[in-house]
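Along the sequence shown, the residues carry numbers beginning at 1. Ligands are counted one by one from 1 in listed order, and the atoms in each one are counted from 1 as well.
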Amino acid sequence: MDAFRLDDRVALVTGASSGLGVRFARALHGAGATVVLTARRADRLESLAAELGERVAVVPADLTDAGAREDLVRSAIGVAGSLDVLVNNAGYGEPIAAEVEPLEQVELTLAVNVTAPYHLCQLAARHMLERGRGSIVNIASIFGMVGSAPLKEASYCVSKGAIVNMTRQLGCEWSRRGVRVNAIAPGWFPTEMTQASMFDEESGRTYIQRNTPIGRAGELHELDGPLLFLASDASSYVTGEVLAVDGGWLAR
Ligand SMILES: NC(=O)c1ccc[n+]([C@@H]2O[C@H](COP(=O)([O-])OP(=O)(O)OC[C@H]3O[C@@H](n4cnc5c(N)ncnc54)[C@H](OP(=O)(O)O)[C@@H]3O)[C@@H](O)[C@H]2O)c1
């Protein structure tokens with residue numbers, strides 16, 4: 001089981017102020033990593049850092065800002081000494097019919113879900129390639145592999161499809177120099193992103209239950225194993241892979 005440990009590794013987790021990101025930070029920290037937490041809501045990051053105690057740093061950033069992304073990676077390497085793992089988890093999406101979706105919303109979705117993770121992959125990889133070691137885990141979605149119909153989330157589907165193929169290409173491009181890139185495609189998990197539109201509604205809960213072969217939504221802890229596998233040396237021969245953690249949604 002030692003291959004799953006992350007002692008002496010530094011992991012940067014985006015979107016660490018809520019939902020999956022909080023869980024990912026706790027899991028990586030629990031496996032021994034020093035974690036660098038980022039998101040816009042600094043108060044949330046500080047609370048999580050206080051809970052984790054040691055081996056943690058907070059670097060708030062708005063990931064739609066290219067300069068902020070550069071400062072983030074520079075600061076992470078500066079405060080923690082290196083960067084071994086990047087978890088591109090921050091995400092955005094609002095359900096709306098495609099034909100009436102304001103262009104500003106499309107652009108914001110692509111900025112947070114595609115441009116920011118791509119740029120962070122570049123910035124992290126420059127450092128990782130120099131050291132010959134690194135693991136990047138992108139958080140995609142089942143809606144990067146199939147459409148969301150009857151739910152109307154077209155720009156979100158576009159963005160998650162992009163991160164899936166980004167993962168495949170970068171996973172191949174950097175693998176001979178020690179940097180692996182993989183993705184997790186979660187199914188339905190209760191977070192701020194999904195609470196109001198799905199979990200608070202009886203129809204939403206029923207929809208998830210009926211359409212997920214395992215018969216229920218995921219629980220956040222069920223992402224720990226997949227994340228630690230992809231982040232650590234346990235997956236040393238895995239790159240460009242998209243691991244669905246979806247209760248069978250994509251297997252139907
Ligand atoms: N929940 C699910 O069922 C599910 C399913 C499939 C995929 N996912 C993916 O999982 C990831 C995490 O989502 P979640 O469900 O945990 O949603 P969430 O609770 O809404 O978390 C989204 C995170 O992204 C951060 N973020 C958003 N815009 C940002 C920006 N401009 N700059 C910096 N950070 C920003 C938010 O932090 P601040 O607001 O503090 O900046 C927050 O920490 C996303 O990529 C999502 O697409 C979730």
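The side chain to side chain donor-acceptor pair (under 3.5 Å) test with Asp233 singles out one residue from Arg133, Arg180, Arg9, and that residue is Arg9.
Taking CD1 of Ile184 as the reference point, atom CG of Asn88 lies at 12.0 Å (rounded to 0.5 Å). With values rounded to the nearest 0.5 angstrom, Thr38 atom OG1 is found 11.0 Å from Asn89 atom CG.
Using a non-hydrogen distance threshold of 4.0 Å, Lys160 registers as a contact of ligand 1. At least one heavy atom of Tyr156 sits less than 4.0 Å from an atom of ligand 1. Using a 4.0 angstrom heavy-atom cutoff, Ala116 does not count as in contact with ligand 1. Not a single heavy atom of Gly218 sits closer than 4.0 Å to an atom of ligand 1.
Inclusion of Gly21 in the set of residues having an N or O under 3.5 Å from an N or O of ligand 1 is not warranted. An N or O contact shorter than 3.5 Å is missing between Trp188 and ligand 1 by distance. Checked by distance only, ligand 1 and Ile142 stay at 3.5 Å or farther apart across all their nitrogen or oxygen atoms. At under 3.5 Å, a nitrogen or oxygen of Asp62, whether backbone or side chain, sits near a nitrogen or oxygen of ligand 1. Between Gly187 and ligand 1, an N or O atom pair is found at a separation short of 3.5 Å. When only interatomic distances are considered, the shortest N/O to N/O separation between Arg41 and ligand 1 falls below 3.5 Å.
Residues Ser17 and Val22 approach most closely at C-CG2, 3.7 Å, considering heavy atoms.
Counting heavy atoms under 4.0 Å from ligand 1, residue Ala140 touches it through the backbone alone. The parts of Leu20 lying near ligand 1 are both backbone and side chain, judged by heavy-atom distances below 4.0 Å. Using a 4.0 Å cut-off between heavy atoms, Ala185 makes no contact with ligand 1 at all. At a heavy-atom distance under 4.0 Å, atoms from both the backbone and the side chain of Phe189 approach ligand 1.
What sits closest to atom 32 (N) of ligand 1 on the protein, heavy atoms only, is Leu63 N, 2.9 Å. Protein heavy atom in closest approach to atom 30 (C) of ligand 1: Arg40 NE, 3.5 Å. Looking only at heavy atoms of the protein, atom 15 (O) of ligand 1 is closest to Thr191 OG1, 2.6 Å.
Checking Ser18, Ala90, Ala16 against atom 34 (N) of ligand 1, the nearest heavy atom belongs to Ala90.
Ligand-side atoms of ligand 1 in range of Ala61: 32 (N), 33 (C), range being under 4.0 angstrom from any heavy atom. Close contacts between ligand 1 and Glu192 involve ligand atoms 19 (O), 20 (O) [criterion: under 4.0 Å to a heavy atom]. Of all atoms in ligand 1, numbered sequentially from 1 with element shown, those under 4.0 Å from a heavy atom of Ile139 are 9 (C), 10 (O), 11 (C), 45 (O). For ligand 1, the atoms closer than 4.0 angstrom to any heavy atom of Gly91 are 22 (C), 24 (O), 27 (C), 44 (C), 45 (O). The distance from ligand 1 to the heavy atoms of Thr64 drops below 4.0 Å at these ligand atoms: 31 (N). If you number the atoms of ligand 1 from 1 as listed, the ones under 4.0 Å from a heavy atom of Gly19 come out as 16 (O), 19 (O).
Between Arg74 and Asp71 there is a salt bridge, with a side-chain nitrogen of the basic residue lying less than 4.0 Å from a carboxylate oxygen of the acidic one. With salt bridges taken as basic N to acidic carboxylate O contacts below 4.0 Å, one links Glu222 and Arg216.
A donor-acceptor pair is defined here as one N or O able to donate and one able to accept, closer than 3.5 Å; such a pair exists between the side chain of Thr239 and the backbone of Val181. When atom types are taken as modelled, the side chain of Arg252 and the backbone of Trp249 share a donor-acceptor pair closer than 3.5 angstrom.
No continuous path of hydrophobic side-chain contacts links Leu72 to Val137 [ILVMFWY only; heavy atoms under 4.5 Å].
Side chains of Ser155 and Glu101: a donor on one and an acceptor on the other come within 3.5 Å.
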Query raised in the report: Hey, mind stepping through Ile142 and Trp188 against side chain to side chain contact (heavy atoms under 4.5 Å, CB included) and telling me if it holds?
Result: CA-CA 9 Å; Ile142 47 175; Trp188 290 101; 4.2 Å; yes
